[in-house]
Amino acid sequence: MLQFDVVIIGAGAAGLMCAAQSGYRGRKVAIVDMGKKVGRKILISGGGRCNFTNENASPENYLCANPHFVKSSLSRYSQHDFIELVDRHGLNYHHKTLGQLFCDNSAQDIVDILMTECEWAGVEVFLRNEVLNVERDEQGLYIVTTSEHTFSCTSLVVASGGLTMPKLGATPIGYKIAEQFGLNLLPTTAALVPFTLHDHDKARFEGLSGISVDSLVTSDDGTQFRENILFTHRGLSGPAILQISSFWRAGQAVSINLLPDTNVAELLHDWRQNQGQKSVKNLLGQLLPKRFVDALINDNSVPDKPANQLTHGEIDTIAATLTAWQIKPNGTEGYRTAEVTLGGVDSDELSSKTFEAKKAKGLYFIGEVTEVTGWLGGYNFQYAWSSGWACGQVC
Ligand code: FDA
C-alpha cells in the first residue's frame, strides 16, 4: 500500500494545477492517470496551441445550475493569476480573437509549465494507472485501487474530467465515485460539439463542405453567438455552432442570421430600384459565398430573377431566409468530437471555496467532472485552473 496525504485522480489541467498547489503546502501528493502522458487534452487543444485562458473570463461565460458557485470558484484564482504564472515561466503567447490566449509554439509549453510546478512541489506522478475502485476505511482514509497499485490518502481529489474523447482516456470513474458517496449528478451530454443534419438538409447542403459564414446564431432560449458557422460533410460546425450546441436541446431549431450587419429588406429594395437588371443571384454573391447562394437558389429559398422583378412578398421571404434561417439539427456528433461534457457532479454538493463534497470529508471534485461548463474560448481551461488552485490550498 502506497501512503500519501493526497491522491489526485487525473493528470489533466485541473489535477496538475491542484497537485502543485497542494505539494507546495508540504503535502505528500500522488497524481494518478491511466494515460501514458500527462495533460493529453491540453496537448491537442486549440489545434495544438492550447487556448489556455480568456482575458475576459467572467461567471457569465459558464453554464452551471448555481451561478453563485461559478462566481466564487473563479474569484480566487482568475485568468490574471494564470497569465502571471505563464509570464513567470517565460511562455510566448498571443491574443487571437475575443480575448482568447494561445501559445505561440505549442501546447506542450503549458504542460511543461505545469510539470515544472509539480516537480518543484515534489508531486509524484503515476501514469498507466487506471483507477478501478475507491473505498473508505474505518479510520476515514480513502483507499484507491488502480491497475498497478493500491494507495491510501486522507484527501482524495477527483479530477477525472468528463466523457468527451473516449480515445483520450475519458471514463465515468468520477461520476461513479460521486454516486458511491451519495452525491447528486446532473444529466450529462456532449457540448461544444458540431451538429448533424437530417438527410434532406444534408442533401440540400451537399457540396457546401468547407464554406464558412460569419453569422449570428440564436438558440430557442434566446442565447446568441456571433462567430463563423462552417458547413461540413456531416452537418454544421464552426465556433458559433459549437457555442450554441451547449444551449440546444433535441428537437429544437436554431436560427441563423447570415447577414447580421445588413438590413436585408432595405438592401433588396435598393437593388430593385437601382440595380434592377442584375440578377438576385449575382447581387447576393457579393455578400455571401457563391456556392452557398447557388444552394439557396437550387432549393428555391431564393428566386433566380433580375432584382427589378422581385415582388414585395419575395423580398420579405428572402430577408427572412437570410436573417432567420431555421435549421433543425437531428443531433450532435456526440462525445467522440465534443470539447466538453455538460452536466456532472452537482455544484450544490460541493463547497464553492474548496470543492470538498459536503457529504464526504476529504473528498474533492474539480474541473470538468463537475457540472460547470464554459463557453468555447479558453474558459474551460480557466475553470480547471481556478478549481484546481482553490482545492490545492486545502486538500
Ligand atoms: P481532463 O479530461 O483534461 O483530464 C482528466 C484526466 O483523468 C485524463 O488525463 C484521463 O486520462 C484521466 N482519467 C479519467 N478516468 C480515469 C481513470 N479511471 N483512471 C485514471 N485516470 C483517469 N478548453 C479550453 O479552455 N481551451 C481549448 O483550447 C480547448 N480545446 C479543446 C480541444 C479538444 C479537442 C477537447 C476535447 C477539449 C478542449 N477544451 C479546451 C476543453 C478542455 O480540454 C477541458 O475542459 C479540460 O481538459 C478539462 O480538464 P480536466 O483536468 O477537468 O479533465
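One-based numbering, in listed order, for ligands and for the atoms of each.
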Heavy-atom nearest neighbour in the protein, as seen from [atom], with distance rounded to 0.1 Å:
{"atom": "atom 4 (O) of ligand 1", "result": "G12 CA, 3.5 Å"}
{"atom": "atom 19 (N) of ligand 1", "result": "V131 N, 2.8 Å"}
{"atom": "atom 2 (O) of ligand 1", "result": "K41 NZ, 3.3 Å"}
{"atom": "atom 13 (N) of ligand 1", "result": "G169 O, 3.8 Å"}
{"atom": "atom 49 (O) of ligand 1", "result": "A13 CB, 4.0 Å"}
{"atom": "atom 39 (N) of ligand 1", "result": "E339 OE1, 3.7 Å"}
{"atom": "atom 34 (C) of ligand 1", "result": "I44 CD1, 3.6 Å"}
{"atom": "atom 12 (C) of ligand 1", "result": "D33 OD2, 3.3 Å"}

Going by distance only, is there an N or O of [X] that falls short of 3.5 Å from an N or O of ligand 1?
{"X": "E130", "result": "no"}
{"X": "N51", "result": "yes"}
{"X": "M34", "result": "yes"}
{"X": "A384", "result": "no"}
{"X": "A14", "result": "yes"}
{"X": "F381", "result": "yes"}

If you count the atoms of ligand 1 from 1 in the order shown, which ones are under 4.0 Å from a heavy atom of [X]?
{"X": "S160", "answer": "5 (C), 7 (O), 14 (C)"}
{"X": "G378", "answer": "24 (C), 25 (O), 26 (N)"}
{"X": "E368", "answer": "44 (C), 45 (O), 46 (C), 48 (C), 52 (O)"}
{"X": "G46", "answer": "28 (O), 30 (N)"}
{"X": "I173", "answer": "15 (N), 16 (C), 17 (C), 18 (N)"}
{"X": "G367", "answer": "52 (O)"}
{"X": "R40", "answer": "11 (O)"}
{"X": "G10", "answer": "6 (C), 7 (O), 12 (C)"}

Are there over 12 heavy-atom neighbours, none belonging to [X], within less than 6.0 Å of that residue's [atom1]?
{"X": "Q180", "atom1": "CD", "value": "yes"}
{"X": "K359", "atom1": "NZ", "value": "yes"}
{"X": "K353", "atom1": "NZ", "value": "no"}
{"X": "H68", "atom1": "NE2", "value": "no"}
{"X": "E206", "atom1": "CD", "value": "no"}
{"X": "Q326", "atom1": "CD", "value": "yes"}
{"X": "Q309", "atom1": "CD", "value": "yes"}
{"X": "H198", "atom1": "NE2", "value": "yes"}

F292 vs F231, test: ring pair (Phe, Tyr, Trp, His ring centres under 6.0 Å). Steps then yes/no. CA-CA 10 Å; F292 182 62; F231 291 88; 5.5 Å; yes

Non-hydrogen atoms of N129 versus ligand 1: any pair closer than 4.0 Å? yes

Is the closest heavy-atom distance from A170 to ligand 1 below 4.0 Å? no

Honestly, for M165 the part within reach of ligand 1 (heavy atoms, under 4.0 Å) is side chain

Quick look: Y379 vs ligand 1, heavy-atom contacts under 4.0 Å, and the answer is backbone

Hydrophobic clustering (ILVMFWY, side-chain heavy atoms < 4.5 Å, transitive) - are I8 and M34 grouped together? no

For F126 together with F151, are the ring centres under 6.0 Å from each other? yes

So, for F52 and W385, is the gap between ring centers shorter than 6.0 Å? no

Non-neighbouring partners of N300 that pass side chain to side chain contact (heavy atoms under 4.5 Å, CB included), sequence neighbours left out: none

Suppose we screen for salt bridge (Lys or Arg N to Asp or Glu O under 4.0 Å). Which residues come up paired with D109, at least two apart in sequence or across chains? none

Would you please classify the geometry between the F69 ring and the F355 ring as parallel, tilted or perpendicular, with 30° and 60° separating the classes? perpendicular

